[in-house]
Amino acid sequence: MKTDTLFTKPISKQFEFDADVAAVFDDMLVRSVPFYKESQALTRRFAINALGKGGVVYDLGCSTASLLLEIERSVERNDDIRLIGIDNSPAMIAHARKKIEAYGSGIELYEGDILQFPYEKAQVMISNYTLQFIRPMVRDSLIRTISDTLNEGGVFIFSEKVVSEDPKLNKELIDCYYDFKKVQGYSEYEIVQKREALENVLIPYTMNENIQMAKNNGFKTCELLFRWANFATFIAIK
Ligand SMILES: Nc1ncnc2c1ncn2[C@@H]1O[C@H](C[S@+](CC[C@H]([NH3+])C(=O)[O-])CC(=O)[O-])[C@@H](O)[C@H]1O
Ligand SMILES: O=C(O)C(=O)Cc1ccccc1
């Protein structure tokens with residue numbers, strides 16, 4: 001796994017999921033998202049709970065398809081389950097395809113925009129750390145599309161970076177997160193460079209805004225599955 005050193009030099013552009021990011025992505029996520037593996041394991045568990053013996057699962061913003069591969073490893077081979085990954089980054093899809101082929105996986109991958117994709121009815125929709133990159137003015141309509149895609153009782157599991165409603169607490173959450181990054185081996189310089197690259201690209205909501213967004217757009221319930229400082233995982237039920 002290649003180490004993320006992308007922000008050891010001055011940024012030349014805003015953050016994007018290009019070939020450089022894709023090449024270090026797995027390292028970047030483990031070292032930049034607190035409890036990334038744990039939130040993936042929770043997502044996998046609650047997705048499988050919702051599937052029973054069959055159904056369609058979409059991962060919106062699947063990146064290198066790590067989560068779909070985890071789910072595939074965890075279900076019975078004869079279960080009638082379709083695993084579908086969507087991502088609009090050619091570099092991410094290329095990395096995902098290499099992994100799928102290497103594991104002899106049956107996962108279906110599509111390079112496309114999750115805002116425009118022609119979804120088939122599904123039992124599980126997943127979108128971890130992706131909605132935060134979707135412009136706020138179209139985020140609600142995406143959640144509505146996701147709920148329209150789900151069968152009754154289907155689940156939408158999503159993880160996001162979050163902000164606090166309280167400015168003082170928000171500052172403390174950010175400091176806590178940056179201390180986490182330092183423990184992961186990122187320098188102050190890298191942390192600042194990445195923060196600048198992500199400005200107006202990663203737009204987080206509060207925990208309550210995320211929950212209300214789901215309830216306003218077709219979900220009868222939305223609850224917190226997990227939270228650490230300014231990262232959270234939610235489950236919404238159709
Ligand atoms: N409109 C869009 N359409 C399709 N893909 C998009 C769009 N916008 C962004 N993406 C894709 O969404 C992914 C966000 S990363 C998800 C991590 C993964 N879920 C994981 O749990 O490992 C989050 C992160 O790196 O923090 C990238 O692969 C983008 O190309
Ligand atoms: O908010 C940050 O500083 C991050 O690094 C979040 C993040 C994590 C992984 C990929 C892109 C952004």
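Residue numbers run from 1 in the order of the sequence given. We count ligands from 1, going down the list as the structure has it; atoms in each ligand are counted the same way. FYI, side chains are in, hydrogens and waters are out, and symmetry mates aren't considered; it's all heavy atoms of this structure.
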Atom pairs, nitrogen or oxygen, ligand 2 to protein, under 3.5 angstrom:
residue	atom	partner	partner atom	Å
ligand 2	1 (O)	Lys161	NZ	2.5
ligand 2	3 (O)	Lys181	NZ	2.9
ligand 2	5 (O)	Tyr177	OH	3.3
ligand 2	5 (O)	Lys181	NZ	2.8
ligand 2	5 (O)	Lys194	NZ	2.9

Worksheet item: When rounded to the nearest 0.5 angstrom, what distance separates CG in Asp148 from CD1 in Ile143?
Response: 11.5 Å

Worksheet item: Are Glu16 and Lys13 within salt-bridge range, i.e. N to O under 4.0 Å?
Response: yes

Worksheet item: Nearest 0.5 Å, what's the CG-OG distance between Asn128 and Ser63?
Response: 10.0 Å

Item to complete: Could you go through the side-chain contact (heavy atoms from CB on, under 4.5 Å) check for Tyr186 and Tyr178 one step at a time?
Response: CA-CA 9 Å; Tyr186 287 113; Tyr178 288 163; over 6 Å; no

Worksheet entry | Proximal protein residues to ligand 1, non-hydrogen atoms under 4.0 angstrom | Phe17, Phe25, Leu29, Tyr36, Gly61, Ser63, Asp87, Asn88, Ser89, Met92, Gly112, Asp113, Ile114, Asn128, Tyr129, Thr130, Phe133, Ile134

Worksheet entry | Backbone of Met92 reached by a side-chain donor or acceptor of Arg97 within 3.5 Å | no

Discussion item. Could you check whether Glu190 pairs with Lys181 (Lys NZ or Arg NE/NH1/NH2 to Asp/Glu carboxylate O, under 4.0 Å)?
Written reply: no

Worksheet entry | Inter-residue atom distance Phe234.CZ - Phe156.CZ, 0.5 Å rounding | 10.0 Å

Item to complete: Report yes or no: does Glu160 contribute a side-chain atom to a donor-acceptor pair with the main-chain N or O of Leu131 at less than 3.5 Å?
Response: yes

Item to complete: Start with the C-alpha distance between Tyr177 and Phe231, add both sets of side-chain angles, then the distance that settles ring-ring contact (aromatic ring centres under 6.0 Å, His included), and finish with yes or no.
Response: CA-CA 9 Å; Tyr177 175 49; Phe231 284 81; 4.9 Å; yes

